[in-house]
Amino acid sequence: MPPITYNRIVGAGIGSFMIFVFFFGTFHHSSRESFKQLTEAAQSSASQRLCSPDSPVFSASRGFQPAVSSLFETIKHSLTAPDYTDAYGETFKLEHDTVWREPLGSNVLIIDMDTRSPDGKNEVLGPNKLNWETATGKEGGGMLSASFMNHFLYAQIHGYDYKFFKAESLEPEGLHNTWIKPFVMGRFLQDYQFVVFVDADATIQHLEVPLEWLFNRWGIGRNTSVAMPIDTMQILDGNKNASCDSKGRVTLNTGFVVAQSLPLTFEMMEAWKTCPDENRYKGCGHWKKNWSHEQRAFSEYIRYDFNPDGTNIVEIPCDDAMGYPGLHEKAPHIISDCHGQFVRHHTVDKAMTKNSTDIAMLQAITQTMQSTLKYNRNSFMIDEKKSKSIF
Ligand SMILES: *[C@@H]1O[C@H](CO)[C@@H](O)[C@H](O)[C@H]1NC(C)=O
Ligand SMILES: *[C@@H]1O[C@H](CO)[C@@H](O)[C@H](O)[C@H]1NC(C)=O
Ligand SMILES: *[C@@H]1O[C@H](CO)[C@@H](O)[C@H](O)[C@H]1NC(C)=O
Ligand SMILES: *[C@@H]1O[C@H](CO)[C@@H](O)[C@H](O)[C@H]1NC(C)=O
């Protein structure tokens with residue numbers, strides 16, 4: 001009987017619409033409220049700076065992001081393409097199920113966190129116009145200026161949220177500052193499906209390749225809590241095991257961390273940040289200030305306890321997200337020649353962060369120009385041989 005079926009469909013439709021509205025509303029409300037508290041101070045100081053007479057005020061969320069996104073529309077790589085070929089002609093394949101088929105957009109937060117801030121002379125948040133040519137890219141504000149711009153642009157292109165979390169020092173707590181990661185990531189996972197941390201000396205190399213494609217390549221699934229790259233192997237003071245945990249397994253590097261908001265992830269972040277207390281992990285206190293701090297603690301303890309299905313923690317290949325081209329020649333003590341094919345991590349030569357930012361940004365603009373010129377050549381190219389004489 002058609003009318004009943006029709007009514008059922010309408011009823012079910014209205015029902016699910018209301019459930020959807022309820023959850024959507026709740027999620028957005030709570031996320032906005034909690035985020036507001038955390039960033040109130042930051043926003044008021046930022047708006048003061050923005051309203052100085054010589055700097056134009058625009059809304060980053062309203063106009064800028066869609067404009068950037070549409071500028072790069074022609075070169076954006078599909079989320080589910082079976083492979084990707086870079087500008088050197090090297091091809092990378094999807095090796096796992098294509099789990100992520102829809103854009104995640106603002107469900108993803110790309111976060112920079114640092115106790116330093118690039119607000120000095122010739123730095124991105126500094127008082128004067130940035131001179132890119134003379135900017136040094138040196139460790140500190142120079143390096144931060146380069147990498148933050150790279151991370152920010154990547155987020156604008158793909159519609160991810162971006163934040164810079166200027167952290168307070170953990171030294172008074174007796175911890176090295178890099179321990180901030182599990183605290184801050186755990187906090188922002190309350191508001192986002194994915195939180196992606198990129199270190200201040202790391203750059204996203206192919207700005208047109210979305211995270212969803214990389215998640216598909218690396219096997220980050222719906223049940224994956226955390227993904228990090230396998231560290232480069234290095235010899236330190238003659239110790240060939242310097243990059244290994246006490247079980248002889250190569251450590252993971254926390255220079256690039258993908259975390260998904262799942263119950264297990266919150267347990268993991270809690271265990272990680274409380275690791276040095278030694279309530280759960282005897283011996284973890286050693287890594288409070290000794291290298292490699294939170295990174296070693298994660299590799300030594302957490303990764304063995306929070307991977308029940310084998311896919312809850314994904315180890316990203318070293319060549320994909322560690323090192324950069326020329327690393328091994330420059331630093332022979334680093335045995336694995338990882339090229340940072342998708343995420344370059346300039347651990348030993350921090351100033352190279354700016355070089356990689358140069359290449360990534362110019363390459364993206366170049367590709368945009370190339371595709372526009374090439375595919376619209378009929379509208380601005382006059383081929384004298386083919387056309388009738390115009391003289
Ligand atoms: C994720 O984990 C849940 C609970 O452990 C399980 O039921 C589900 O099949 C898993 N999903 C995938 C895609 O592995
Ligand atoms: C290096 O690791 C291997 C395997 O875990 C172990 O047999 C060896 O003793 C370690 N060497 C040093 C110098 O720690
Ligand atoms: C750091 O390592 C040194 C040398 O192994 C050790 O003596 C010291 O106790 C460690 N620091 C902490 C906080 O455990
Ligand atoms: C990085 O860029 C600077 C400035 O353009 C240049 O002088 C330097 O040679 C570059 N370094 C490498 C290793 O390419």
Side-chain angles (χ1 to χ4, degrees), residues 111-117 139-140 143-144 165-189 195 197-202 225-226 228-257 259 265-307 313 315 318 321-323 327 330-336 338 345-350:
I111 191 161
D112 280 317
M113 53 181 112
D114 216 290
T115 49
R116 302 162 293 186
S117 180
E139 179 155 21
M143 176 183 78
L144 266 59
F165 185 85
K166 167 87 171 68
E168 287 296 299
S169 172
L170 283 172
E171 297 288 336
E173 326 286 325
L175 293 170
H176 191 275
N177 281 333
T178 52
W179 271 100
I180 192 74
K181 284 166 215 165
F183 291 87
V184 176
M185 294 197 81
R187 171 61 193 77
F188 282 94
L189 281 167
V195 175
F197 165 73
V198 194
D199 223 344
D201 59 352
S225 284
V226 160
M228 295 181 201
I230 297 168
D231 209 349
T232 44
M233 296 272 282
Q234 53 184 330
I235 307 173
L236 288 182
D237 304 324
N239 177 10
K240 287 187 182 169
N241 288 356
S243 311
C244 298
D245 66 13
S246 62
K247 298 183 179 73
R249 206 163 135 204
V250 182
T251 54
L252 297 178
N253 190 292
T254 55
F256 178 73
V257 186
T265 319
F266 288 101
E267 287 175 41
M268 195 188 293
M269 293 292 160
E270 189 62 27
W272 190 8
K273 73 185 187 194
T274 58
C275 185
D277 305 350
E278 302 208 357
N279 290 322
R280 181 166 181 165
Y281 297 110
K282 269 264 142 311
C284 188
H286 178 85
W287 306 110
K288 279 182 182 179
K289 286 191 165 181
N290 282 321
W291 188 77
S292 53
H293 327 129
E294 89 297 343
Q295 180 168 301
R296 182 60 183 266
F298 188 91
S299 297
E300 191 69 36
Y301 307 102
I302 309 302
R303 70 167 156 179
Y304 292 103
D305 274 6
F306 289 89
N307 201 2
I313 298 175
E315 306 201 346
C318 184
M322 275 301 295
L327 169 66
K330 191 164 254 181
H333 70 280
I334 295 182
I335 325 165
S336 21
C338 298
H345 192 182
H346 312 85
T347 46
V348 293
D349 189 355
K350 308 277 185 197

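Whatever order the structure lists ligands and atoms in, that order sets their numbers, starting from 1. Please read these numbers as outputs of a predicted model, since none were measured by experiment.
Residues passing the side-chain contact (heavy atoms from CB on, under 4.5 Å) test with Arg116, sequence neighbours excluded: Asp114, Glu139, Met143, Leu144, Ala200.
With hydrogens and angles left out, the side-chain atoms of His345 and Thr347 include no donor and acceptor closer than 3.5 Å.
By the 30° and 60° cut-offs, the orientation of the rings of Tyr281 relative to Tyr301 is tilted.
The two residues Arg303 and Ser299 make their nearest non-hydrogen contact at NE-O, 2.8 Å. Summarising the geometry of Thr254 relative to Glu294, their closest heavy-atom pair is OG1-OE2, 2.7 Å, with the distance given to 0.1 Å.
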| query | Which is it for Ser117 and Lys166 under the side-chain hydrogen bond (donor to acceptor under 3.5 Å, both in side chains) test, yes or no, and what are the steps along the way? | reply | CA-CA 7 Å; Ser117 180; Lys166 167 87 171 68; 6.0 Å; no
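Closer than 4.0 angstrom to ligand 3 lie heavy atoms from Gly285, His286, Asn290.
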